[in-house]
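Working notes for the structure below.
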Amino acid sequence: MKFLGFAYRFVSNFVFLALVYYSLNFLEKYQQRAIVAILVLVYAAMRVASAFRSFHFFQRVERLELEARRLAGLTGEGPASNASRKQVVSDVSALRRDGEMKSYIDLLFLALVILLCISKIVTD
């Protein structure tokens, strides 16, 4: 499922990039192309801000993971509860890493979209 999530994120971002590319190339008038490019830039900026907020969130989750590992080592409630806590912490850690990878994929494609839009605005 993890790789399907990455593949879906890659394909959906690639489709977005392709739509932006074709929509900007099929517009003949510079003014229309510039307006569409600026609107796409605004949308991409909002998604970039969201991706950076998610990195901030993942950083906080990482701190909580470290604190949970530290506290799990201090409590002496028995091996069964300790094993379940370690499993929960490792599951959260895996989900955090996957979320970070998906955010990196998003940022890669958003950077490509931004470069495409800027190139279409600058060139006539």
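Predicted model only: the values in this text are computed from it and were never measured. Just so you know, these numbers use all the heavy atoms, side chains as well, and skip hydrogens, waters and symmetry mates.
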Supply the atom-to-atom distance [X] [atom1] to [Y] [atom2], rounded to the nearest 0.5 angstrom.
| X | Y | atom1 | atom2 | result |
| --- | --- | --- | --- | --- |
| Arg97 | Lys102 | CZ | NZ | 13.5 Å |
| Ser54 | Leu107 | OG | CG | 7.5 Å |
| Ser103 | Phe57 | OG | CZ | 10.5 Å |
| Ser12 | Asp106 | OG | CG | 7.0 Å |
| Arg9 | Leu108 | CZ | CG | 13.0 Å |

- Tyr104 ring center within less than 6.0 Å of Phe55 ring center: yes
- Phe58 CZ: over 12 foreign heavy atoms closer than 6.0 Å: yes
- Query: More than 12 heavy atoms of other residues, nucleotides or ligands under 6.0 Å from CZ of Phe6: is that the case?
  - Reply: yes
- Item | Test log, rule side chain to side chain contact (heavy atoms under 4.5 Å, CB included), inputs Phe14 and Phe109 | CA-CA 7 Å; Phe14 185 79; Phe109 279 99; 4.0 Å; yes
Consider only side-chain heavy atoms of I, L, V, M, F, W and Y, link residues closer than 4.5 Å, and tell whether [X] and [Y] are in one cluster.
| X | Y | result |
| --- | --- | --- |
| Phe3 | Met101 | yes |
| Val11 | Leu112 | no |
| Phe26 | Leu19 | no |
| Leu110 | Phe52 | yes |
| Phe10 | Leu4 | no |

Donor-acceptor pairs are to be reported for all side-chain atoms of residues 27-48 against protein atoms at under 3.5 Å, with residues two or more places apart or in another chain.
{"from": "Tyr30", "atom 1": "OH", "to": "Ile121", "atom 2": "O", "distance (Å)": "2.6"}
{"from": "Arg33", "atom 1": "NH1", "to": "Leu27", "atom 2": "O", "distance (Å)": "3.3"}
{"from": "Arg47", "atom 1": "NH2", "to": "Asn13", "atom 2": "OD1", "distance (Å)": "3.0"}

- Item | Closest heavy-atom pair and its distance - Ser119, Thr123 | O-OG1, 2.7 Å
- Task: Show your working on salt bridge (charged side-chain N to carboxylate O under 4.0 Å, His left out) between Glu100 and Arg96 and close with a plain yes or no.
- Result: CA-CA 6 Å; Glu100 286 177 346; Arg96 179 187 53 80; 3.3 Å; yes
- Message: Go through it in stages, so that I can follow the logic: the residues are Phe16 and Val20, the test is side chain to side chain contact (heavy atoms under 4.5 Å, CB included), and I'd like the CA-CA distance, side-chain angles, deciding distance and then a yes or no.
- Response: CA-CA 6 Å; Phe16 175 64; Val20 170; 3.9 Å; yes
